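Structure, as structure tokens:
Throughout, a chain's letter reflects where its sequence line sits, starting with A, and its residues are numbered from 1. Bear in mind that the values here come from a model prediction, so they are computed numbers and not experimental data.
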Protein chains: 2
Amino acid sequence: MSSSKLLKGSLATIVLKLLEENEKMYGYEITQRVKEITAGEFKITEGALYPTLHKLEAEGMLSTETQKVDNRIRKYYSLTKEGNAEAQSKVAELEEFLLNLQKLLNPKLGMG
Amino acid sequence: MSSSKLLKGSLATIVLKLLEENEKMYGYEITQRVKEITAGEFKITEGALYPTLHKLEAEGMLSTETQKVDNRIRKYYSLTKEGNAEAQSKVAELEEFLLNLQKLLNPKLGMG
DNA sequence: TCTTATGCATAAGAAAATTATGTATACTTG
DNA sequence: CAAGTATACATAATTTTCTTATGCATAAGA
């Protein structure tokens, strides 16, 4: 998902988090928003994003609604009630993970 | 690498970081150290760790030395000069990644 | 007209885990 | 003393999750 080929496994969480803040977003918009927030350092590829969106939808986390804008179709995704709960738990899980990762990367913090 | 099946791609960096601090460590010791630092939340599996160590060694990042302790063999790994440089760059890269991830998870920080 | 941007989608391949298995010694506990 | 847990390495099969490549389609800009 990133140009630097770093961590895997965080894409679904990122998507859920963005939708938690935005009510509805479409795929391309998500790629641009991530790019914008990370100053171009994360580039979400369509090959990763669309299957992730489809999977989350299949799991009942997202609902969709298509709109035609400027003769082009946009497929908007929104969190379902279940998706909202999932977003919160996934974000919490990821934050927990990041804390542990930081303990490993910055051992001095664990000593104070 | 973790019991919570979270992020992938950080194991090699974690290994390099630990070896940066410890001169030499053997595989089992690494699994225990990680478990200890993260209060049991990260459980590195052998199926992930050993191939990673072998790969880093093949790439010239690690050198090895075996020791027999208590009739059991330990294979100690140390950073080579190249491995030391790699450790620093990989850690920097991961920290950069974590910063961007935090911008996504905590959008308010990006505004102040 | 050709490239870039917008917008969706899927398939092939690669990377990096998990899970399962195998070997071997040492310690602990009932 | 038998069985389970801990120590210690290793590899193979499978799964997950990406990247890369490809395809279709419209719009804008050079």
Side-chain angles (χ1 to χ4, degrees), chain A residues 1-16 24-36 40-59 62 64-77 90 93-94 97 100-101, chain B residues 1-16 24-36 40-59 61-62 64-77 90 93-94 97 101:
Chain A
M1 56 159 280
S2 85
S3 50
S4 44
K5 295 175 189 188
L6 254 177
L7 303 187
K8 299 184 176 185
S10 44
L11 180 55
T13 305
I14 289 170
V15 167
L16 290 168
K24 64 177 188 172
M25 295 182 86
Y26 56 100
Y28 186 75
E29 187 184 10
I30 291 174
T31 67
Q32 298 307 301
R33 187 67 55 87
V34 168
K35 200 167 157 185
E36 182 194 321
E41 294 199 48
F42 285 10
K43 281 164 197 150
I44 293 184
T45 59
E46 301 120 308
L49 179 62
Y50 291 117
T52 296
L53 288 170
H54 299 163
K55 195 188 169 208
L56 287 171
E57 187 185 3
E59 290 169 351
L62 305 181
T64 61
E65 149 197 8
T66 48
Q67 249 183 49
K68 198 161 194 172
V69 177
D70 247 345
N71 244 28
R72 277 195 239 91
I73 284 176
R74 287 181 184 170
K75 195 165 168 185
Y76 280 96
Y77 290 87
K90 283 278 217 172
E93 198 184 14
L94 183 53
F97 187 89
N100 281 314
L101 207 44
Chain B
M1 57 160 280
S2 85
S3 51
S4 46
K5 294 176 189 186
L6 253 177
L7 303 187
K8 301 183 177 185
S10 44
L11 181 54
T13 305
I14 290 170
V15 167
L16 289 168
K24 64 176 187 173
M25 297 183 84
Y26 56 100
Y28 186 76
E29 187 184 10
I30 292 175
T31 67
Q32 299 307 301
R33 187 66 55 87
V34 168
K35 201 167 155 184
E36 182 194 321
E41 295 200 48
F42 285 10
K43 281 164 197 149
I44 293 184
T45 60
E46 301 117 309
L49 180 62
Y50 291 118
T52 295
L53 288 170
H54 299 163
K55 194 188 170 207
L56 288 171
E57 187 185 5
E59 289 169 351
M61 304 301 162
L62 305 181
T64 61
E65 150 200 7
T66 48
Q67 248 183 50
K68 200 162 193 172
V69 178
D70 246 346
N71 242 30
R72 277 195 241 90
I73 283 176
R74 287 180 184 171
K75 194 165 168 186
Y76 280 96
Y77 290 87
K90 282 277 219 174
E93 198 183 14
L94 184 51
F97 187 89
L101 208 43

Legend entry - Separation of A/Thr31 OG1 from A/Arg33 CZ (nearest 0.5 Å): 10.5 Å
Legend entry - Under 4.0 angstrom between A/Lys55 side-chain N/O and D/dT17 OP1 or OP2: yes
Inset, instruction - Select one nucleotide: of D/dT20, D/dA10, C/dC8, the one nearest the side-chain heavy atoms of B/Glu46. - result: D/dA10
Legend entry - Spacing of CD1 belonging to A/Ile30 relative to CG belonging to A/Leu53, to within rounding of 0.5 Å: 5.0 Å
Legend entry - Integer-rounded Å distance: C/dC8 P and A/Leu49 CG: 9 Å
Inset, instruction - Can you tell me the distance, in whole Å, between the CD1 atom of B/Ile44 and the P atom of D/dC9? - result: 13 Å
Inset, instruction - Scan every strand shown for a Watson-Crick or G-U wobble partner of D/dA2, both distances under 3.5 Å, and answer none if you come up empty. - result: C/dT29
Legend entry - B/Lys24 atom NZ, over 12 foreign heavy atoms within 6.0 Å: yes
Legend entry - Nearest-Å distance for atom pair CD/C1', residues B/Gln32 and D/dA6: 9 Å
Legend entry - Nearest-angstrom distance from the residue atom CG of B/Leu53 to P of D/dC9: 9 Å
Inset, instruction - Please report, rounded to the nearest Å, how far the P atom of C/dT19 is from the NZ atom of B/Lys43. - result: 11 Å
Legend entry - Test item: B/Met61 and B/Lys90 side chains (from C-beta on) under 4.5 Å apart, heavy atoms: no
What's touching nucleotides 13-15 of chain D from the protein side, N or O pairs under 3.5 Å?
none

Inset, instruction - Choose from C/dT19, C/dA17, D/dA10 the nucleotide whose nearest atom is closest to any side-chain atom of B/Ala48. - result: C/dA17
Legend entry - Under the side chain to side chain donor-acceptor pair (under 3.5 Å) test, residues paired with A/Glu36 that sit two or more places apart: none
Legend entry - Between D/dA10 (P) and B/Ile73 (CD1): distance, integer Å: 9 Å
Inset, instruction - Let me know the distance between OH of B/Tyr50 and P of D/dA8, rounded to the nearest Å. - result: 9 Å
Between the protein and nucleotides 25-29 of chain D, list every N/O to N/O distance that falls short of 3.5 Å.
from   : atom 1 : to      : atom 2 : distance (Å)
D/dT26 : O2     : A/Arg72 : NE     : 3.1
D/dA27 : OP1    : A/Asn71 : ND2    : 3.4
D/dA27 : O4'    : A/Arg72 : NH2    : 3.0

Inset, instruction - Would you please test B/Ile44 and B/Val15 for side-chain contact (heavy atoms from CB on, under 4.5 Å) and show each step? - result: CA-CA 11 Å; B/Ile44 293 184; B/Val15 167; 5.6 Å; no
Legend entry - Nearest-nucleotide 5' precedence on DNA chain D, A/Thr52 against B/His54: B/His54
Inset, instruction - Any chance you could measure A/Thr66, atom OG1, to A/Tyr76, atom OH, to the nearest 0.5 Å? - result: 11.0 Å
Inset, instruction - Using only side-chain N and O atoms of B/Lys68, determine if any of them is under 4.0 Å from OP1 or OP2 of C/dT25. - result: no
Inset, instruction - Kindly compute the distance separating CG (A/Leu11) from OG1 (A/Thr45), expressed to the nearest 0.5 Å. - result: 8.0 Å
Legend entry - Student check: side-chain heavy atoms of B/Leu101 and A/Phe42 closer than 4.5 Å: yes
Inset, instruction - May I have the distance from B/Tyr26 (atom OH) to D/dC9 (atom C1'), rounded to whole angstrom? - result: 12 Å
